[in-house]
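For reference, the structure is listed below as structure tokens.
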Amino acid sequence: MPDPVLSRFAPAPTGFLHLGHVLNAIYVWGVTGARGGRVLLRIEDHDRQRSRAEYERAILDDLDWLGFRSPEPLVRQSERHAVYESALARLRADGLVYACECSRSEISAAGKSGSELRYPGTCSGKGLPERPGLGTRVRLAPSIERFEDLAHSVCEQQPSAQCGDLLVRDREGNWTYQFVATIDDFEQSVTLVIRGDDLLASTGRQIQLARLLGRTAPPRFLHHTLIMKTPTQKLSKSDGDTGVRDSRARGWTAPQVIGHAALLAGLIDRPHDVAASRVSSLF
Ligand code: GLU
């Protein structure tokens with residue numbers, strides 16, 4: 001466990017909070033609190049087409065209602081453009097950045113690596129000038145990234161084979177999650193990234209990117225199980241029936257909602273209320 005523990009809760013304001021977020025909050029505040037650490041709150045509104053101020057307001061209100069609070073200043077990715085530009089400039093100076101004109105359908109046609117699309121490097125030698133309307137990619141080395149996840153033990157990933165050269169800004173001009181989350185975790189000195197298993201495959205690429213940006217010691221990672229809608233289907237923000245808003249409207253209390261998420265995830269073995277102030281006792 002890193003010392004001191006500094007973690008973050010980083011929702012994207014593209015929908016309302018659902019039980020999956022509640023479970024992530026239980027882990028983030030629970031594991032961090034059990035080690036006397038601190039939690040930062042970061043709004044991951046890098047996708048300017050999908051992010052909405054009303055979702056941000058609802059997320060912050062639901063978090064406060066649940067009792068998951070941070071005394072640290074709130075960070076919004078949409079206000080950190082200059083930070084991301086300057087990180088990109090450092091990578092560009094190292095010759096690692098190129099413009100990409102490929103569409104998603106062209107990349108899908110080139111095939112997948114496992115369940116994800118792998119960019120085959122089509123534009124890496126074209127020398128296209130960077131300009132609005134083109135994507136921006138960072139060249140990845142074919143290295144294998146080895147890390148010890150606190151829940152999965154030792155993992156090895158080869159990002160260049162999984163996803164190929166990393167998209168850092170899309171053709172619409174949005175910074176990508178992989179790029180900005182890695183920069184923010186570095187700049188904010190986050191030492192423990194706690195998130196769902198659906199992001200485990202992103203870890204190697206974030207470790208490599210952080211190294212390219214000059215981070216000498218990557219954060220530690222803990223990827224936790226997800227609450228599934230069915231054995232093969234994840235909960236999604238469009239599942240209104242699992243939204244915190246709906247539970248509130250139906251008269252649930254915050255400890256009931258937290259207890260329900262903890263039970264579904266197997267953190268407790270019989271139904272009972274769990275207050276946000278008590279989640280560290282689960283770890
Ligand atoms: N913004 C991501 C989400 O809402 C969280 C990513 C992370 O914790 O690294 O799923």
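As the structure lists them, so they are numbered: ligands from 1, and atoms in each ligand from 1.
At least one side-chain heavy atom of T203 sits less than 4.5 Å from a side-chain heavy atom of R195. Considering only heavy atoms from C-beta on, L41 stays 4.5 Å or farther from F68 through its side chain. Taking the side chain as every heavy atom from C-beta outward, C102 and C123 approach each other to under 4.5 Å.
Around atom CZ of R278, no more than 12 heavy atoms belonging to other residues, nucleotides or ligands sit under 6.0 Å away.
Judged by the shortest distance from any of its heavy atoms, A181 lies outside the 4.0 Å radius around the atoms of ligand 1. Note on ligand 1: F9 sits outside its first shell, no heavy atom being nearer than 4.0 Å. Heavy atoms of H21 come nearer than 4.0 angstrom to ligand 1 in no pair at all.
A donor and an acceptor atom, one from each side chain of S51 and E56, are nowhere located under 3.5 Å apart. The closest side-chain donor-acceptor pair between S143 and Q208 falls under 3.5 angstrom.
Residue E44 approaches ligand 1 through these ligand atoms, each under 4.0 Å from one of its heavy atoms: 1 (N), 2 (C), 5 (C), 6 (C). The contact set between ligand 1 and A10, taken as ligand atoms under 4.0 Å from a residue heavy atom, comprises 1 (N), 2 (C), 3 (C), 4 (O), 5 (C). For ligand 1, the atoms lying closer than 4.0 Å to a non-hydrogen atom of R8 are 7 (C), 8 (O), 9 (O). Close contacts between ligand 1 and R195 involve ligand atoms 7 (C), 8 (O), 9 (O) [criterion: under 4.0 Å to a heavy atom].
The shortest N or O to N or O distance between P11 and ligand 1 is not under 3.5 Å.
By the criterion of a heavy-atom distance under 4.0 Å, neither the backbone nor the side chain of V193 is placed next to ligand 1.
With D197 as reference, H152 is the one residue of H223, H224, H152 to meet the side-chain hydrogen bond (donor to acceptor under 3.5 Å, both in side chains) rule.
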